[in-house]
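Remember, predicted model here, so these are calculated numbers, not experimental data.
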Amino acid sequence: MTTDVPVSDNPARDRHQLRTLILAIATVAGILLAVSLAIAAATYLNQYWFLHFPLGFYLLAQGVLILLIAAAFWFTRMQEHIDHKRSESEELG
């Protein structure tokens, strides 16, 4: 019993979609890892103070939000780079 994988009509589009999927998974995984590390280190960091707040609390309240926004901008820049490389090689159609 064999399973036949359908041959794609447009392999360049498939490579583009795969690169986009890998970028999205890597971005989400990186953010989840950073948030998990911040949560794990929060109690230890709470012994230090920043702007009259415990550092762990401040990191989770503000730092994670800043990280999320920075990751969104980074993802957009990388996606534009992937799209630009594809559009140089052939039409997006």
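At a threshold of 4.5 Å between non-hydrogen side-chain atoms, the residues L55 and W49 do not count as touching. Taking the side chain as every heavy atom from C-beta outward, L60 and I39 approach each other to under 4.5 Å. Side-chain contact between R77 and W74 is present, with heavy atoms from C-beta onward closer than 4.5 Å. Counting only heavy atoms from C-beta outward, the side chains of Y48 and P54 never approach each other to under 4.5 Å. Within the 4.5 Å cutoff, the side chain of R86 has no heavy atoms near those of the R15 side chain.
At a threshold of 4.5 Å between side-chain heavy atoms, the hydrophobic network of Ile, Leu, Val, Met, Phe, Trp and Tyr places F50 and F53 in one connected group. Transitive grouping of hydrophobic side chains (ILVMFWY, heavy atoms separated by less than 4.5 Å) keeps V35 and I69 in distinct clusters.
Rounded to the nearest 0.5 Å, atoms CG (L59) and CG (L67) are 9.0 Å apart. Rounding to the nearest 0.5 Å gives a distance of 9.0 Å between NE2 of H81 and CZ of R19. Note that CG of L18 and CG of L23 are 11.0 Å apart. Values are rounded to the nearest 0.5 Å. Annotation: the span from E80 atom CD to F75 atom CZ amounts to 10.5 Å, rounded to 0.5 Å. Atoms CD1 and OG1, from I22 and T27 in turn, are 11.5 Å apart once rounded to the nearest 0.5 Å.
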For the pair T20 and H16, evaluate side-chain contact (heavy atoms from CB on, under 4.5 Å) and give the outcome as yes or no after the intermediate values. CA-CA 6 Å; T20 299; H16 181 263; 4.0 Å; yes
